[in-house]
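Note that these values count all heavy atoms, side chains included, but never hydrogens, waters or copies made by symmetry. We name chains A, B, ... by the order of the sequence lines, and we start the count at 1 in each one.
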Amino acid sequence: MPRDPLVRLENVEKHFGRHHALKSINLEIDRGEVIVVIGPSGSGKSTLCRTMNGLERIDGGTITIDGQPLPEEGRALARLRAEVGMVFQQFNLFPNKTVLENIIFAPRKVQRQSKTDAIEKARQLLARFGVADQQEKFPAQLSGGQQQRVAIARALIMEPKLMLFDEATSALDPEMVRGVLDIMQQLAAEGMTMVVVTHEMGFARASADRVVFMDQGQIVEIAAPNTFFDSPRSERANMFLRDILRN
Amino acid sequence: MTSAVDRMFDPPGPRGRRTIRLVSIASAVVLIVLVAALLYVFGRSGGLDADRWSIFESAGVLKLLAKALLATIRAALAAGVAAMVLGTILALLRLSRMSWIRGMVAAYVEVTRSLPTLLVLYFTILMLPNYGVRLPVYWQLVLALTVTNAAMISEILRASLLALPKGQLEASLSLGLTRPRSIWYILLPQGFRAALPALVAQLIYLLKGTVLGYVISYEELLYSSRMIGEYTGFLLQSFLVATLIYLAVNTALSLVLSALVRRITDTGRSNALIDN
Ligand SMILES: Nc1ncnc2c1ncn2[C@@H]1O[C@H](COP(=O)(O)OP(=O)(O)O)[C@@H](O)[C@H]1O
Ligand SMILES: [Mg+2]
């Protein structure tokens, strides 16, 4: 049977001026698969993540999502993005909207859902993520962990087929990390297709199907999490793991 | 609700509080003495005599002043709305991804904002008739004020839009909104809020610019005050009344605008200084 991956990257290239940020990236992500992307700072993890919803335009190769080539611009790209959720390190909630308004914004404006429907779904998500009592507050009145949970709810309400997490817990105080990782683990268990840039090895071991190790714009190694963390093949991965274990 | 200043500095301790109290009392005393002295000198030369002010009890003069105030407000209102709309459009065009649009708008803004409004007014008087356009004086004034102030407003707004965190646009794009809609729904409200103090200052400046109406005999507040003063011989009194009216109108304008924009773009925090 031919494979039918949700995401396919073929020979993807990306330059920032003279800097070669992604070098001939090849990767296929199956439906329901959870990919953890790991690697040193500046290795291109965020860039890789951001090419998959067109926040970075690639200058070589192809990206196919659900059988369709990733549109380059305009309404077609916007439609694709509505089906790909993204969670940022800095949350990026809209500061002048309440929690509830943040979440129903895209369903209302993009999917033209009725207000009652959108609010109903938003309430369910907020309740599930333990922030139901925060819905009338503004983002600045929430803790970092609460803000990130709201940001995840804001992406999930669109019922995306792919979720991208770019260091979603890196800006959080240590005591807030657990709550956010729990939600991500739940999503993974429910079969969401996810690309997760993170250094949380616990999450990777528990939820990842494969770990992608990047260095200097290249994918150096792809392996099952336990294989990768216990016996990495490449010297670069070895060094990187030794470094993060020391800290 | 604590003010921005309170949040920028540590709260004062007991000694600090004593100093603040002393300085406050001292400044109040100085201010009162100063005002009293000014009034005394002014009054000694007869400036406060009732008969010099009684002209402002005459129905004719009051009506004239009211008409003039209305003329000022009408011109400022029309030009203010037009300049805000045009300024916003210009600011948005300068965010365009097409460089020739950005360049043309930048050139237009650079030219119009360096021109004195008076000069633009002269151009409208002298040039428009050549093209067969004959505007009433009211529209000539509104046009000149709009052209120069729109350029300033677009610069103010552009600066505050560019200062917004880049993640705001990315978040909106990621949710499936197109770039124009993201700018409209997400960036513009935040940009307006951040630019609020500068925008209010610019609109007050615009309102004061209505005095240029005198070159085209548009009978706004200052023009009529001078007429009243020259006719009655009490020029200084007329200008003092005009001053009070300008003060009242501008204070009201700034309070109303601030309240309005705060309300539209509430963030649950008490001031814009700490918003981003
Ligand atoms: N918008 C940009 N402009 C220029 N260089 C960039 C830009 N974004 C990323 N880079 C560069 O590309 C490289 C990879 O960045 P990134 O993908 O953010 O790495 P990571 O997420 O792994 O830390 C870095 O060297 C970074 O400086
Ligand atoms: Mg990164």
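- Interatomic distance, CG of B:Leu169 versus CG of A:Asn92, reported as 10.0 Å (0.5 Å rounding).
- Of the listed residues B:Ser182, B:Ala171, B:Ser174, the one with more heavy-atom pairs under 4.5 angstrom with chain A than any other is B:Ser174.
- In this structure, the separation between NZ on A:Lys109 and OG1 on B:Thr178 is 12.0 Å, given to the nearest 0.5 Å.
- Around atom CD of A:Glu72, no more than 12 heavy atoms belonging to other residues, nucleotides or ligands sit under 6.0 Å away.
- Using a 4.5 Å cut-off on side-chain heavy atoms (C-beta onward), A:Val110 and B:Leu175 make no contact.
- When all heavy atoms of B:Gln168 and A:Leu93 are compared, the pair lying nearest together is NE2-O, 2.9 Å.
- Between A:Glu73 and B:Arg179, no side-chain nitrogen of the basic residue sits less than 4.0 Å from a carboxylate oxygen of the acidic one, so the salt-bridge criterion is not met.
- Neither the backbone nor the side chain of A:Phe91 comes within less than 4.5 Å of any heavy atom in chain B.
- The side-chain heavy atoms of A:Pro95 and B:Gln190, taken from C-beta on, include a pair separated by under 4.5 Å.
- Using a 4.5 Å cut-off between heavy atoms, A:Arg154 contacts chain B through both its backbone and its side chain.
- The 12-atom threshold is exceeded at OH of B:Tyr138, counting heavy atoms of other residues, nucleotides or ligands nearer than 6.0 Å.
- Against chain B, the residues from residues 75-89 of chain A that qualify, each with a non-hydrogen atom under 4.5 angstrom away, are A:Arg75, A:Ala78, A:Arg81, A:Ala82, A:Val84, A:Met86, A:Phe88 in number order.
- For B:Ser172, the parts lying under 4.5 angstrom from a heavy atom of chain A are both the backbone and the side chain.
- Within the 4.5 Å cutoff, the side chain of A:Phe105 has heavy atoms near those of the B:Tyr185 side chain.
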